[in-house]
Amino acid sequence: MQGFTYVKDVAKVGEGGLVTVRGWVYRKRVTGGKIFIVIRDSTGIIQAVVSKDNEPVFKKAEQLNIESSLIVTGHVKKEPRAPGGFEIHVIDIPWSFVGWQFPINEDAAKADSEYLLDMRHLWVRSRMMQAVLKIRSTVFGAIHEWFRGNGYYEVQAPMFITSAVEGGSTLFEVNYFGEKAYLTQSSQFYLEALIFSLEKVYTIAPSFRAEKSRTRRHLTEFWHAEAEVAWAGLEDMFTVTENLISHIVKRVLESNLDDLSLLGRKTEPLENVKPPFPRITYDEAINILNKKGFNLKWGDDIGADEEKALTLEFTQPIHLHHFPENVKAFYHRNDPSKPSTTLSVDVLAPEGYGEVVGGGERIYDYDELISKIRKFNLNPEDYQWYVDLRKYGSVPHAGFGLGVDRLVMWICGLDHIRDALPFPRDMRRIKP
RNA sequence: GCCGCCGUAGCUCAGCCUGGUGGAGCGGCGGGCUGUUAACCCGUAGGUCCCGGGUUCAAGUCCCGGCGGCGGCGCCA
């Protein structure tokens with residue numbers, strides 16, 4: 001479309017310029033002889049002024065309500081009283097669509113209520129959601145950019161699967177033409193198959209988990225950025241994840257300062273994010289936490305409270321590695337020099353946000369994998385093709401999964417993961 | 001699976017403890033105002049007080065049961 005100006009560009013047109021802007025009514029204030037309409041588009045907000053002297057247009061403007069759509073033509077005026085310093089003196093409203101009464105008002109918006117989740121199809125228009133969605137877009141773009149810039153191939157794995165990656169109890173069952181199938185919990189196993197073809201692969205896809213989790217960090221459908229690398233080990237995962245995350249944060253700081261500011265997000269914690277990240281072993285973490293008053297025994301998992309306390313000790317994301325065998329899934333390779341631990345790593349986001357990445361070395365030896373599966377009381381037959389990979393030219397390899405929604409949540413400084421994506425799915429919500 | 005909380009106008013909530021004519025703000029509608037900033041001022045409409053039962057002269061309020069919803073833990077990304 002030609003001849004239209006985005007709101008953010010109106011100021012650039014400058015005093016006296018003629019512009020036509022398309023958008024929606026964000027605020028409307030009527031003061032007798034003048035109507036002030038704050039117009040919102042995808043780029044920002046600007047005030048338009050309609051004077052009563054312009055009778056037919058004034059009548060049209062009177063009809064508009066919140067979130068009505070409109071096109072206005074007018075002259076740009078420098079005006080210190082207007083938000084943003086510029087406003088549009090309206091000559092004409094060549095098109096408008098008067099909406100029904102918009103069901104979201106300031107009270108509801110302030111309350112951060114369940115109502116806003118019911119109204120999510122409309123609430124995505126809010127400036128807060130706009131800011132988050134723009135940052136999210138930067139994040140996804142930066143992930144692709146980093147992987148492609150570092151020699152990875154993007155691959156796609158199926159969403160319909162028949163065997164579990166994580167625990168079987170968290171699978172969503174689907175009726176697949178009369179056969180039992182499930183929605184995937186992770187693309188990891190397929191990525192492991194693909195490294196024998198492409199060596200370095202990544203994917204960004206949804207993962208589904210039927211966890212009955214009612215927390216601010218869990219979704220039943222989340223966006224998972226996963227990578228798998230042949231000939232790689234734990235050390236490589238440290239550098240890959242810290243470089244990837246640093247790159248994403250850098251891109252957001254370059255592209256989304258206005259959005260971060262609108263969200264009230266302080267940028268200092270993000271500016272600290274540079275490789276290398278501190279590396280803490282599980283054993284060290286237990287010591288640090290017990291000194292802080294926790295009472296953890298070796299072999300205990302590090303829970304939400306512990307994770308939070310640990311991240312508050314650092315200003316950077318941290319690498320937490322060498323978890324005990326029993327707290328990590330069967331496919332993690334045990335450390336030959338300390339077999340009770342695994343060559344595993346989690347990345348914990350700072351400021352109490354906690355785990356955003358889980359990964360490490362995978363078992364590449366056939367017999368080792370079979371015995372580990374049995375040790376976890378699982379049936380090797382359920383993992384037939386995954387085990388099969390270890391028969392034909394197996395190689396040491398490592399990989400990880402990044403919870404993109406969790407990363408966005410932390411970067412945006414949000415209280416709840418469901419605000420990190422437009423249409424969240426959790427245990428109790430599948431609409432809108 | 002475990003712990004805690006809530007249900008009153010379109011929205012956000014007060015009223016419940018200590019039973020006695022259902023309220024406020026925002027939003028809607030009508031009117032006023034020629035520089036508003038979540039505009040303001042005046043007026044006005046709007047209710048299955050979640051449902052059922054009980055106690056009582058009288059229940060939004062007290063008791064019992066049910067339904068619906070929310071927050072957190074565990075698990076994980």
Side-chain angles (χ1 to χ4, degrees), chain A residues 26-38 45-54 58 65-67 77 79-85 87 89 100-119 122-123 127 165-170 185-188 204-226 241 300-308 323 327-329 345-349 353-359 400-410 415-418 420-421 426-429:
Chain A
Y26 181 66
R27 296 279 184 274
K28 182 184 149 194
R29 293 181 277 269
V30 184
T31 69
K34 281 191 171 152
I35 299 176
F36 298 92
I37 302 169
V38 180
I45 57 172
I46 191 153
Q47 177 166 279
V49 189
V50 183
S51 169
K52 202 166 199 170
D53 305 337
N54 193 343
F58 189 87
N65 56 14
I66 298 295
E67 287 302 318
K77 295 278 179 200
E79 173 52 71
R81 289 170 293 187
E87 64 184 16
H89 284 212
W100 297 22
Q101 185 190 328
F102 200 65
I104 302 174
N105 63 24
E106 291 288 344
D107 260 8
K110 255 192 320 194
D112 187 27
S113 63
E114 198 63 11
Y115 180 74
L116 291 181
L117 286 164
D118 293 335
M119 293 291 143
L122 304 175
W123 181 239
R127 301 199 76 207
V165 176
E166 306 294 336
S169 63
T170 66
Q185 299 167 307
S186 163
S187 301
Q188 178 189 323
I204 306 180
S207 284
F208 305 89
R209 304 222 176 143
E211 294 163 350
K212 291 187 173 169
S213 301
R214 219 196 304 275
T215 83
R216 59 187 60 206
R217 323 192 298 144
H218 284 84
L219 297 164
T220 52
E221 175 181 336
F222 68 96
W223 282 83
H224 212 172
E226 294 178 275
T241 53
D300 287 346
D301 203 358
I302 297 196
D305 290 346
E306 291 85 1
E307 236 180 39
K308 185 168 184 180
F323 286 88
V327 303
K328 285 289 174 186
V345 57
D346 282 359
V347 177
L348 308 188
Y353 278 91
E355 186 175 359
V356 291
V357 167
F400 68 91
L402 165 70
V404 185
D405 314 285
R406 283 189 181 175
L407 188 71
V408 170
M409 175 189 177
W410 161 60
D415 293 333
H416 206 295
I417 195 167
R418 64 189 170 206
L421 66 170
D426 64 30
M427 185 186 157
R428 297 188 276 204
R429 182 169 292 278

**Request:** Check whether the side chain of A:T215 and the base of B:C73 form a donor-acceptor pair under 3.5 Å.
**Result:**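 There is none.
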
Using the [atom1] atom as the reference point in each nucleotide, state the distance between [N] and [M] in Å, no decimals.
N     : M     : atom1 : answer
B:U48 : B:A9  : P     : 8 Å
B:U36 : B:C70 : P     : 43 Å
B:U61 : B:G20 : P     : 11 Å
B:C62 : B:U55 : C1'   : 8 Å
B:G71 : B:C13 : P     : 13 Å
B:C5  : B:G19 : C1'   : 25 Å
B:C40 : B:U21 : C1'   : 33 Å
B:G4  : B:G65 : P     : 16 Å

**Asked** Does any non-hydrogen side-chain atom of A:E67 lie less than 4.5 Å from one of A:Q101?
**Response**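 Contact flag for A:Q101/A:E67 side chains = no.
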
Taking [atom1] from [X] and [atom2] from [N], how many angstroms apart are they, rounded to a whole number?
X      : N     : atom1 : atom2 : result
A:F208 : B:A77 : CZ    : C1'   : 14 Å
A:K308 : B:G74 : NZ    : C1'   : 17 Å
A:I104 : B:G28 : CD1   : P     : 14 Å
A:E67  : B:A38 : CD    : C1'   : 15 Å
A:N65  : B:G28 : CG    : P     : 8 Å
A:E355 : B:G74 : CD    : C1'   : 14 Å
A:R214 : B:G72 : CZ    : P     : 10 Å
A:E87  : B:U36 : CD    : P     : 12 Å

Distance check: side-chain N/O of [X] vs OP1/OP2 of [N], anything under 4.0 Å?
X      : N     : answer
A:R27  : B:U36 : no
A:R428 : B:C70 : yes
A:R29  : B:U34 : no

Base, sugar-phosphate, or nothing for [X], non-hydrogen atoms under 4.0 angstrom?
X      : value
A:P83  : base
A:D301 : sugar-phosphate
A:A225 : nothing
A:V30  : base

Can you figure out which of [options] approaches the side chain of [X] most closely?
X      : options             : value
A:E114 : B:A77, B:G71, B:C70 : B:C70
A:A82  : B:A77, B:G35, B:G71 : B:G35
A:R216 : B:C75, B:U36, B:G71 : B:G71
A:Y115 : B:C75, B:G10, B:G35 : B:G10

If every non-hydrogen atom of [X] is compared with every non-hydrogen atom of [Y], which pair is closest and at what distance?
X      : Y      : result
A:R418 : A:L219 : CA-CD2, 4.5 Å
A:P206 : A:E221 : CB-CG, 4.3 Å
A:I35  : A:K28  : CG2-CG, 4.1 Å
A:I66  : A:Y26  : CD1-O, 3.6 Å
A:S51  : A:K34  : CA-CG, 4.4 Å
A:E87  : A:A82  : OE1-CB, 3.6 Å

[N]: pairing nucleotide in any strand, Watson-Crick or G-U under 3.5 angstrom:
N     : answer
B:C62 : B:G54
B:C70 : B:G4
B:A38 : none

**Request:** Using the closest heavy atom to pick a nucleotide of RNA chain B for each, name whichever of A:K212 or A:K34 lands nearer the 5' end.
**Result:** A:K34

**Asked** Quick one: on RNA chain B, does A:E306 or A:H89 contact a more 5' nucleotide (nearest heavy atom)?
**Response**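 Final value for this comparison: A:H89.
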
**Item:** Flag, side chain of A:E226 to backbone of A:S187, donor-acceptor distance under 3.5 Å
**Value:**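 Indeed, once roles are kept as given, a pair shorter than 3.5 Å links the two residues.
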
**Request:** Answer yes or no for this row: A:F222 ring on B:A77 base, centroids under 5.5 Å, planes under 30°.
**Result:**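 By the stated criterion, A:F222 and B:A77 stack.
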
